[in-house]
Number of protein chains: 2
Amino acid sequence: MIKITEVLRKKGLKVTPQRIAIYAMLSNTKSHPSAEEIYKALMPTNPTISLATVYKTLDIFKTTGLVHELSVGNGRSNYDANVLVHPHIVCTKCGKIYDFEIQGLNSLRNQVANQTDFIVESEQLTFYGTCPDCQKN
Amino acid sequence: MIKITEVLRKKGLKVTPQRIAIYAMLSNTKSHPSAEEIYKALMPTNPTISLATVYKTLDIFKTTGLVHELSVGNGRSNYDANVLVHPHIVCTKCGKIYDFEIQGLNSLRNQVANQTDFIVESEQLTFYGTCPDCQKN
DNA sequence: GTATCTGCAAATTCTTTGCAGACAG
DNA sequence: CTGTCTGCAAAGAATTTGCAGATAC
């Protein structure tokens, strides 16, 4: 946990138990939880934490680049402590969100920069389908 | 407008003035409006239309495949009558959403199918950056 | 004529805000 | 100490729902 303390301090953030808990929870999961899910996961260990604090903290983490916010079309935001930009695939049956890696993203990004006259800053590549577990049912 | 009537009828939907108006509005814009924006755009010509009807209609259009719903991370849904899957680029300054075309998407899709064990159904490729207009300011 | 659609108002869900007390540095 | 953070409750924004009357077919 000393490591998380350092991460926060390096970003110039005050180190509070809530921030440590939220960042630790997000770093230790691959599940891309929503604010509510983070809140519920922390309740047992941090019984006084509030949902508003979770939202405020995620907001600060977003703007300092500690987490990414995903919009996959489920009516809420999901959060990811892996800030290296990478694609996601969402199961349309169970809603789970998975990371994966593909090749050729650089050529894709170059094409985007060339074809649009935008200064491209980031991207969100989301695929949808049926996950292996849900295929069995 | 006869054309829209046919489109709706072919999907087995009842043809109502509201549905025609919503589909016509979406077909004739490149602006990817939200439900509220569609509603406001139709107010002058359809003064009795309600926002709830816009939402319900968009929901039906989604499930019948007449429109796509986009989630670009602005806290609401945006709608697109161009149902050929294509990437979007969003200006982080003014919020405008643009279509564009790139090559190599098929190889990308094949990689996704190979690397994940998902049955891939669709995708949403969203890039973010500063649009030409906003670069001038 | 009948099932579906519309418009209204109320309800729901997700997120943000204001403020007073608590805490980190 | 002082400025920032937390937790609470209330507010706000987007979307959904229930229902009675209207309309498409």
Side-chain angles (χ1 to χ4, degrees), chain A residues 1-2 4-23 25 32-43 45-64 66-67 69-79 95 97, chain B residues 1-2 4-23 25 32-43 45-64 66-67 69-79 95 97:
Chain A
M1 306 302 137
I2 268 183
I4 292 179
T5 300
E6 281 314 304
V7 170
L8 297 178
R9 215 186 300 279
K10 269 181 194 157
K11 293 287 185 181
L13 302 176
K14 283 201 177 180
V15 179
T16 69
Q18 294 85 345
R19 290 175 177 185
I20 293 172
I22 292 168
Y23 190 74
M25 189 272 175
H32 310 86
S34 65
E36 181 101 32
E37 286 165 346
I38 295 169
Y39 171 65
K40 284 183 177 160
L42 296 181
M43 295 260 291
T45 46
N46 299 58
T48 72
I49 203 169
S50 81
L51 188 51
T53 297
V54 174
Y55 274 107
K56 287 171 186 168
T57 303
L58 288 170
D59 214 46
I60 290 169
F61 285 0
K62 260 189 286 173
T63 54
T64 53
L66 282 178
V67 306
E69 183 178 26
L70 312 182
S71 298
V72 302
N74 57 9
R76 75 206 71 123
S77 288
N78 296 86
Y79 297 89
I97 304 171
Chain B
M1 306 303 137
I2 267 183
I4 291 179
T5 299
E6 281 313 304
V7 170
L8 297 177
R9 217 187 299 278
K10 268 182 193 156
K11 293 287 185 180
L13 302 176
K14 283 201 177 176
V15 179
T16 69
Q18 294 84 346
R19 289 175 178 185
I20 293 173
I22 292 168
Y23 191 72
M25 188 272 175
H32 309 87
S34 65
E36 181 101 32
E37 286 164 346
I38 295 168
Y39 171 65
K40 285 184 177 159
L42 297 182
M43 295 261 289
T45 46
N46 299 58
T48 72
I49 203 169
S50 82
L51 188 52
T53 296
V54 175
Y55 274 107
K56 287 171 185 168
T57 302
L58 289 170
D59 214 46
I60 290 170
F61 285 1
K62 260 191 287 175
T63 55
T64 53
L66 283 178
V67 306
E69 183 180 24
L70 311 182
S71 298
V72 302
N74 57 9
R76 76 206 70 125
S77 288
N78 296 86
Y79 297 88
I97 304 171

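Every heavy atom of this structure was used, including side-chain atoms; hydrogens, water molecules and symmetry mates were not. Quick caveat: nothing in here was measured; it's all calculated off a predicted structure. Just so we're on the same page: letters track the sequence lines, and every chain starts at 1.
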Rounding to an integer number of Å, can you tell me how far [X] [atom1] sits from [N] [atom2]?
X: A/Y39; N: C/dT16; atom1: OH; atom2: C1'; value: 16 Å
X: A/D59; N: D/dT4; atom1: CG; atom2: P; value: 16 Å
X: A/K11; N: C/dA24; atom1: NZ; atom2: P; value: 22 Å
X: A/M43; N: D/dT6; atom1: CE; atom2: C1'; value: 16 Å
X: A/L58; N: C/dC14; atom1: CG; atom2: C1'; value: 13 Å
X: A/I22; N: D/dC5; atom1: CD1; atom2: P; value: 13 Å
X: B/E37; N: D/dA14; atom1: CD; atom2: C1'; value: 13 Å
X: A/I20; N: D/dT6; atom1: CD1; atom2: C1'; value: 14 Å

Distance check, rounded to the nearest 0.5 Å: A/N46 atom CG versus A/T53 atom OG1? 10.5 Å
Sorted by position of nearest nucleotide on DNA chain D, 5' first, the leading residue of B/Y55 and B/R9 is B/Y55
Under 3.5 Å, N/O pairs linking protein and nucleotides 4-8 of chain C:
residue: C/dC5; atom: OP1; partner: B/R19; partner atom: NH1; Å: 3.0
residue: C/dC5; atom: OP1; partner: B/R19; partner atom: NH2; Å: 2.9
residue: C/dC5; atom: O5'; partner: B/R19; partner atom: NH2; Å: 3.3
residue: C/dT6; atom: OP1; partner: B/T16; partner atom: OG1; Å: 2.6
residue: C/dT6; atom: O3'; partner: B/Q18; partner atom: NE2; Å: 2.9
residue: C/dG7; atom: OP1; partner: B/Q18; partner atom: NE2; Å: 3.1
residue: C/dG7; atom: OP1; partner: B/T48; partner atom: O; Å: 3.0
residue: C/dG7; atom: OP1; partner: B/T48; partner atom: OG1; Å: 3.1
residue: C/dG7; atom: OP2; partner: B/S50; partner atom: N; Å: 3.3
residue: C/dG7; atom: OP2; partner: B/T53; partner atom: OG1; Å: 3.0
residue: C/dG7; atom: O5'; partner: B/T48; partner atom: O; Å: 3.3
residue: C/dG7; atom: O6; partner: B/K56; partner atom: NZ; Å: 2.5

Contact check, side chains of [X] and [Y], non-hydrogen atoms, under 4.5 Å:
X: B/H32; Y: B/V72; answer: no
X: B/E69; Y: B/Y79; answer: yes
X: A/L8; Y: A/F61; answer: yes
X: B/L13; Y: B/L66; answer: yes

Report which part of the nucleic acid A/S77 touches: base, sugar-phosphate, or nothing (heavy-atom distance under 4.0 Å, all strands). sugar-phosphate
Taking only Lys NZ, Arg NE, NH1 and NH2, and the carboxylate oxygens of Asp or Glu, determine whether B/D59 and B/K56 approach each other closer than 4.0 Å. no
